[in-house]
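Only one structure is covered here, and it is reproduced in the block below.
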Protein chains: 4
Amino acid sequence: MKGELRKNQILDGAKKLIARNGYYQTHVEDILREVKLGKGTFYLYFKNKEDLFISILERFLDDWEKIVLKATTDPSYKDLQSYFQALITRSHNFFKLNEELCNIYLRIGPGINDIFEPYIERFEQKMLNYVTDELKKAVQAGFFRKDMD
Amino acid sequence: MKGELRKNQILDGAKKLIARNGYYQTHVEDILREVKLGKGTFYLYFKNKEDLFISILERFLDDWEKIVLKATTDPSYKDLQSYFQALITRSHNFFKLNEELCNIYLRIGPGINDIFEPYIERFEQKMLNYVTDELKKAVQAGFFRKDMD
Amino acid sequence: MKGELRKNQILDGAKKLIARNGYYQTHVEDILREVKLGKGTFYLYFKNKEDLFISILERFLDDWEKIVLKATTDPSYKDLQSYFQALITRSHNFFKLNEELCNIYLRIGPGINDIFEPYIERFEQKMLNYVTDELKKAVQAGFFRKDMD
Amino acid sequence: MKGELRKNQILDGAKKLIARNGYYQTHVEDILREVKLGKGTFYLYFKNKEDLFISILERFLDDWEKIVLKATTDPSYKDLQSYFQALITRSHNFFKLNEELCNIYLRIGPGINDIFEPYIERFEQKMLNYVTDELKKAVQAGFFRKDMD
DNA sequence: TATGAATGAGTATTCATTCAT
DNA sequence: CATGAATGAATACTCATTCAT
């Protein structure tokens, strides 16, 4: 648990600096100065710099999932429209609260093609899956006519 | 003129590689191998790597200007709607023909905040100015009512 | 006594790993994982990694001494030939039983010149002294003619 | 050719320092200070430090081959004894002239087990092959009786 | 005693830039 | 003009050692 704390501490510092300066201009040393930890400590919690970035992306996805899940499993939405409305509202709030993560995902990631593309793809796939799943459920629930895109 | 040719040659190679791999993962050496020139030659035409990137952005703007100017100075558009339609069509075609430049502007640039932000801002300002200027002209020409956004 | 036990425990693990992987590729952490002790414990029994290596070398010498001493102080050898024969047999057995230590002494040590050379020299000197002393005794005992090498 | 010169220059400096201080205590920077070249230059001629060490071992083998070949292809040895005598004399001279290389091969290499063992094995195999080949030729030439080891 | 999280000095390696030819 | 060999500042990463618990 202590370890998880440190990991999050580093992750938060990294998120902040990478969102501001980009991946290549954020040096491992910068991050550790930011969170006031020794350089070696970094490698106790991350295999390397790449691993850190992937962790950030994955955390973004995890956090988003939690929001989405909360919205979807909640049985109180009776019709599709209010369901999606809630989903969008929650997503919107999430993005607002996680401006840094969004920045990284939308602006920083794309500049680091070769290493992160596979992760980003998986990421997008996962996001897509959620929406698709929900739509399927909705279709099954008879919200839509069958002849739609 | 020979020099301008060389410069464009390098600029094209750089555009291609940076669009594909990002700024930091495109090395000066890669670019010069791509265009089959010696590494030292680069510094005959550009002050440094940063200067190259700025040149790419500026060329993007210049090319866009040419398209926009052509469209605006052409007196053949009688009403605003056909004017903007032409503008958008031309812009669209331009973007299609310059996919690489767009990629760089939209995806690569943002990951290189600290150095290029001022240039990008200037860039955006310039783009905005054009549109604003045109709108002003249009307003003066009486195309719009005064009480609009 | 408990301490001596721990020390030997570490020494044995180190001997094994260093003989197999060399000095620089055997990390303090590896040794303590091998003997299932915490990393910090190491520094309760050794000043540092160098001290450990020296201890290994010295233990090698001590053990060899015991064998040699046993052989020499034993009054049962009447003539020189049987004395040396016994010495060699015992040494040979010792080397067989301590393959790891030999490995370290013959193959690992030489690659760590600057730190360990003095110790190794002292080591060799000591070994030489034993043989010389024995020979002197033998000479005094009249085993040899004075005009020999 | 200029490049080959530089490579040899570095190789010689490395040989000297590694023979004296061992592999792990000879730092890339030490070698380049020794031969008065910039740090980056090293990586123009060697992929990394390991590659350098392998080059040294291979050069040792190449040089030895030249000596051995000279000795073997020379048709002037009429009987086997004088042939081997020449071989040994030449090898002996070679070892004397290349004390550093011998030092590295015999004392430094063994301490770097995991990386270099395969190379060293190949090395030994090659050396063995030469002697075996020569013996076969000798046997065919009728120098030996068939019933020998 | 025993531990392992934290540390930072030390090292290999990269890459933009220079300059002699 | 053109070149590419040479350079070293900058950076990621390792590992022996410390110290609070």
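All values reported here derive from a predicted model rather than from experimental measurement. Note on naming: letters A, B, ... go to the chains in the order of the sequence lines (proteins, then strands), and numbering restarts at 1 for each one.
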(request) Would you tell me if any nitrogen or oxygen in the side chain of D:His27 comes within less than 4.0 Å of OP1 or OP2 on E:dA12? (result) yes

(request) Would you check if C:Tyr24 and D:Gln25 make a side-chain contact, meaning some heavy-atom pair closer than 4.5 Å? (result) yes

(request) Name the first nucleotide and the last nucleotide along DNA chain F (5' to 3') that come under 4.0 Å of a heavy atom in chain A. (result) F:dT11 to F:dT14

(request) Calculate the interatomic distance between D:Lys47 atom NZ and E:dT13 atom C1'; express it in whole Å. (result) 12 Å

(request) Let me know the distance between CG of D:Leu52 and P of E:dT13, rounded to the nearest Å. (result) 10 Å

(request) Can you tell me the distance, in whole Å, between the CG atom of B:Asp30 and the C1' atom of E:dA16? (result) 12 Å

(message) Please list, in numerical order, the residues of residues 33-43 of chain A that have a heavy atom closer than 4.0 Å to any atom of DNA chain E.
(response) A:Leu37, A:Gly38, A:Lys39, A:Gly40, A:Thr41

(message) Using whole Å, what does the distance between atom P of nucleotide E:dT1 and atom CD of C:Gln9 come to?
(response) 14 Å

(request) Find the distance D:Lys49:NZ to E:dG10:P and express it as a whole number of Å. (result) 16 Å

(message) Between C:Ile31 and C:Leu52, is there a side-chain heavy-atom distance shorter than 4.5 Å?
(response) yes

(message) Tell me the closest heavy-atom pair linking A:Ile56 and A:Ala14, and the distance in Å.
(response) CD1-CB, 4.0 Å

(request) Please give the nucleotide sitting opposite E:dT11 as a Watson-Crick or G-U wobble pair, both distances under 3.5 Å, or none. (result) F:dA12

(request) Kindly indicate whether the side chain of C:Ile10, heavy atoms from C-beta on, has any atom under 4.5 Å from the side chain of C:Tyr45. (result) yes

(message) Any strand counts, and the cut-off is 3.5 Å on both contacts for Watson-Crick or G-U wobble. Which nucleotide pairs with F:dA6?
(response) E:dT17

(message) Can you measure B:Leu32 atom CG to E:dC15 atom P for me and round it to whole angstrom units?
(response) 15 Å

(message) What I want to find out is whether B:Asp62 reaches B:Arg59 closely enough, with some N-O distance under 4.0 Å, to be called a salt bridge.
(response) no

(request) Mind calculating the distance between CG (B:Asp51) and P (E:dA16) to the nearest angstrom? (result) 14 Å

(message) Quick check on DNA chain E: between C:Arg6 and B:Val28, whose nearest nucleotide comes earlier from the 5' end?
(response) C:Arg6

(message) Salt bridge or not between C:Glu100 and C:Lys16? Use side-chain N to carboxylate O under 4.0 Å.
(response) no

(request) Decide yes or no for B:Val28 and B:Tyr43: does some side-chain heavy atom of the first lie under 4.5 Å from some side-chain heavy atom of the second? (result) yes

(request) Identify whether any heavy atom of D:Tyr45 sits under 4.0 Å from a base atom; if not, whether one sits that close to sugar-phosphate; answer base, sugar-phosphate or nothing. (result) sugar-phosphate

(request) Mind listing the closest non-hydrogen atom pair of B:Asp51 and B:Asn48 along with its distance? (result) N-OD1, 2.9 Å

(message) Contact between D:Phe53 and D:Phe46 at the side-chain level, heavy atoms closer than 4.5 Å - yes or no?
(response) no

(message) Rounded to whole Å, please give me the gap between CG in A:Leu44 and C1' in E:dG4.
(response) 9 Å

